[in-house]
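Below is one structure, written out as structure tokens, with a few remarks after it.
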Number of protein chains: 2
Amino acid sequence: MPKKRTNDTVSSVDVARLAGVSQAAVSRTYTPGASISEKMRQKVLAAAEQLGYQPNIIARSLSGKATRLIGIVMVKIGDPFYARILAAFSRKLQEHGYWSLLLNVNDDLGLEEALPQALQYQVDGIVLTSATLSSPIAARCAAMGVPVVMFNRYSLEVAVNSVGCDHAQGARDLADFLLKGGHRRMAYIAGEENSSTNQERERGFTEGLAAAGQRLFARESGDYSYAAGFDATGRLLARPERPDAIFCANDWMAIGAIDQARQSGLKVPEDLSVVGFDDAAMAAWPRYSLTTINQPIDKLVMAAVEVLVNAIESPTEDRVIKLIPGRLVVRNSARLPVGHKKSA
Amino acid sequence: MPKKRTNDTVSSVDVARLAGVSQAAVSRTYTPGASISEKMRQKVLAAAEQLGYQPNIIARSLSGKATRLIGIVMVKIGDPFYARILAAFSRKLQEHGYWSLLLNVNDDLGLEEALPQALQYQVDGIVLTSATLSSPIAARCAAMGVPVVMFNRYSLEVAVNSVGCDHAQGARDLADFLLKGGHRRMAYIAGEENSSTNQERERGFTEGLAAAGQRLFARESGDYSYAAGFDATGRLLARPERPDAIFCANDWMAIGAIDQARQSGLKVPEDLSVVGFDDAAMAAWPRYSLTTINQPIDKLVMAAVEVLVNAIESPTEDRVIKLIPGRLVVRNSARLPVGHKKSA
DNA sequence: CACTTTTTTGCATACGTATTCAAAAAAATG
DNA sequence: CATTTTTTTGAATACGTATGCAAAAAAGTG
């Protein structure tokens with residue numbers, strides 16, 4: 001005996017009967033802008049109150065209305081940084097009167113399974129975080145008229161909206177900053193190699209170096225984790241000639257890098273500069289005081305939500321891609337350029 | 001012109017027409033256990049494939065079926081610890097074929113607003129994390145036949161299922177451990193005062209001390225944040241006589257406490273022992289190596305999901321409260337009892 | 001094959017709400 | 001007041017799916 005709503009869920013018909021009006025009147029009471037007199041509205045509300053009536057959004061959506069449900073697809077929800085993003089999304093969406101249907105996904109493969117499920121729920125829109133969208137899937141969303149916005153990820157092939165931080169520019173800024181600080185042997189510790197975020201950051205960094213006629217001195221692979229940063233730095237420091245600055249693809253690895261450096265008897269930033277990316281909460285801790293790029297999460301999320309809501313409420317063929325600049329946050333983990341005044 | 005599913009979403013009727021069968025046949029194809037021949041099933045599936053048909057769960061739920069939607073009510077989604085809980089919940093629920101409707105709430109007041117909204121979506125069940133449930137609200141859920149499970153929080157007055165860590169027992173274990181380690185002046189740094197978690201932990205700790213004829217030596221208030229732990233510890237250390245051990249209501253504050261102690265020139269654990277609660281990711285970092293109580297998140301969440309799913313699928317009046325023990329994780333932030341062998 | 005039993009099928013209806021349409025009521029106009 | 005215009009109202013229907021029921025088909029039985 002699966003599911004058996006123990007009791008009669010009270011419907012608009014019940015309310016109508018009690019109020020002595022038609023069911024349509026009840027419906028109109030809850031439809032902003034519908035034609036209904038104040039007198040009737042009050043009668044209905046009174047009856048509704050008495051019965052504890054709440055309109056059934058599910059049923060409402062059947063007759064052509066929106067579900068006001070947004071599918072949020074995410075990997076690594078447990079990661080502190082993504083958690084902040086999720087929190088911002090759900091909050092912002094709620095402000096716009098939308099609710100979040102959470103799709104916890106392991107990888108792009110899981111996406112291909114999860115998305116059709118989300119579509120079954122007739123979501124009004126989809127937020128895609130840290131996952132890439134294949135063309136066929138995108139096509140299906142389009143066919144169903146469900147707008148999509150990709151967050152911190154974009155693809156030029158697939159026609160889909162996108163909002164993200166300008167990772168390349170941020171990385172370029174870091175390169176400039178390190179160059180001005182007189183560093184000459186710069187290493188990069190990569191995040192997950194196939195993540196577009198990692199690629200953008202590396203591209204920006206090497207471009208920044210190239211603009212000054214320099215090249216990457218060394219490169220290690222990581223996976224965005226503390227341990228990866230710690231280990232990779234160990235390998236870098238074991239070289240005959242050490243790098244004098246390390247750019248880690250994210251803050252967690254940078255923090256690992258700092259711990260490793262100190263454990264190896266080096267002073268940061270005197271002997272080695274370390275910079276990261278994201279401006280995670282811990283980057284501000286005195287112990288690390290990490291120079292990094294602040295991803296303005298609230299601004300990013302707000303923009304993404306606005307793009308999505310706009311696409312939902314006034315459908316169009318236009319596709320928008322928004323790149324929002326990150327902000328260089330200068331702290332004490334990297335040697336300062338001479339005469340530099342610190343910001344935040 | 002708000003919302004306008006650009007095209008005709010393909011329905012069971014369309015599939016039926018193409019396959020040359022009745023709409024009922026299509027419905028039965030997607031209803032496990034329904035009476036339908038293999039031949040017809042194949043015809044339907046072929047047609048469905050061709051049209052890209054997906055059953056509409058929303059509509060399905062209208063005719064008495066479950067929505068397979070679970071409302072997850074949470075505060076502080078952005079907090080790393082809660083994020084892990086949320087991740088575990090959504091994953092576990094998905095394994096059971098349920099999806100998560102996320103309700104981001106600021107406080108108990110927000111709950112009172114959010115819950116009716118969730119109920120509008122005809123959720124099959126509700127998970128309540130770090131929030132308390134008032135009797136009237138609980139009554140409404142009950143009236144609608146929507147099972148609820150509270151996580152890491154329980155109330156004896158309100159008849160509702162509950163699963164959580166045995167905070168009091170964990171705190172008692174910590175008290176024992178510190179006592180055996182020869183500590184005599186123990187301080188407690190509280191989390192948010194009115195959180196039941198905080199109260200349980202303090203109760204367990206003082207009970208543990210009382211069992212050995214001791215009392216709390218000092219007490220400070222905090223709010224679970226790193227900064228609060230840091231500051232509160234500063235106040236404790238400024239006393240004429242210092243505590244020799246501090247139990248912080250959670251790991252974040254404990255980490256703040258350690259940093260403060262070191263900054264004040266004390267050695268941990270030689271001069272001061274610090275213990276926490278939760279076993280957050282950072283507790284394991286060599287720098288902190290925090291002795292703490294591990295909250296078995298996966299086990300807790302699994303239990304909660306099972307309680308909820310069970311309540312949904314075989315309704316009953318019975319109410320279950322489950323307390324799951326935490327595990328003392330001995331690391332190096334607290335002096336060991338003589339002859340103690342370290343565990344994890 | 002004639003008959004009974006079982007399985008499969010389609011028809012009709014229900015679920016809760018929104019909306020079109022035409023009728024009714026109210027308001028405005030002369 | 002008679003007439004026109006506007007607003008409000010209820011009846012009927014649609015949305016997409018599930019299911020009780022009876023008819024039809026298939027399978028089993030002697």
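These numbers come from a predicted model, not from an experiment. Letters A, B, ... are given to chains in the order of the sequence lines, protein chains preceding strands, and every chain is numbered from 1.
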Identify each donor-acceptor pair in which a side-chain atom of residues 295-309 of chain B lies under 3.5 Å from a protein atom, sequence neighbours left out, and give them as a table.
from, atom 1, to, atom 2, distance (Å)
B/Gln295, OE1, B/Asn152, ND2, 3.0
B/Gln295, NE2, B/Asp278, OD1, 2.9

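- Distance CD1 (A/Ile36) to P (C/dA25): 17 Å, rounded to an integer number of Å.
- To the nearest 0.5 Å, atoms CG (B/Leu86) and OG (B/Ser100) are separated by 7.0 Å.
- For B/Ser37, the side-chain atoms get nearest to C/dT8 when compared with the rest of C/dT19, C/dT8, C/dT17.
- Put simply, the side chain of A/Leu119 reaches to within 4.5 Å of the side chain of A/Val146, judged on heavy atoms.
- Donor-acceptor pairing under 3.5 Å is recorded for the side chains of B/Arg153 and B/Thr197.
- With no hydrogens or angles considered, no side-chain donor-acceptor pair links A/Asn161 and A/Arg319 at under 3.5 Å.
- The CD1 atom of A/Ile58 sits 15 Å away from the C1' atom of C/dA18 (whole-angstrom rounding).
- Checking side-chain atoms of B/Tyr53 against main-chain N and O of B/Val44 turns up no donor-acceptor pair under 3.5 Å.
- Of the two residues near DNA chain D, B/Lys39 and B/Ser61, the one whose nearest nucleotide lies more 5' is B/Ser61.
- Residue pairs meeting the salt bridge (Lys or Arg N to Asp or Glu O under 4.0 Å) criterion with at least one partner in residues 74-87 of chain A, sequence neighbours excluded, are A/Lys76-A/Glu192.
- DNA chain C is contacted by both A/Tyr30 and B/Glu38; B/Glu38 maps to the nucleotide lying nearer its 5′ end (nearest heavy atom per residue).
- Contacts between residues 16-28 of chain A and DNA chain C, defined by a heavy-atom separation under 4.0 Å, are made by A/Gln23, A/Ala24, A/Ser27, A/Arg28.
- Among the heavy atoms of the strands lying under 4.0 Å from A/Ser11 are primed sugar atoms or P, OP1, OP2 only; no base atom is included.
- With rounding to the nearest 0.5 Å, the separation of CD1 in A/Ile36 from CZ in A/Arg41 is 6.5 Å.
- Side-chain contact check for B/Gln42 and B/Glu38: at least one donor-acceptor pair (N or O, by modelled atom type) lies under 3.5 Å.
- Bending across the helix from C/dC1-D/dG30 to C/dG30-D/dC1, expressed as the angle between its end axes from five pairs apiece, amounts to 30° (10° rounding).
- Rounding to whole angstrom units, CG of residue A/Leu62 and C1' of C/dT19 are separated by 14 Å.
- Taking atom CE of residue B/Met40 and atom P of nucleotide C/dT9, one finds them 4 Å apart after rounding to whole Å.
- Nucleotides of DNA chain D lying under 4.0 Å from heavy atoms of chain B occupy a range whose first and last members, 5' to 3', are D/dG16 to D/dG20.
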Show every donor-acceptor pair shorter than 3.5 Å between a side-chain atom in residues 23-31 of chain B and any protein atom, with sequence neighbours excluded, or say none if there are none.
from, atom 1, to, atom 2, distance (Å)
B/Gln23, NE2, B/Ser12, OG, 3.4
B/Thr29, OG1, B/Ala25, O, 2.9
B/Thr31, OG1, B/Ser27, O, 2.9

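- Taking OH of A/Tyr98 as the reference point, atom CD1 of A/Ile72 lies at 13.0 Å (rounded to 0.5 Å).
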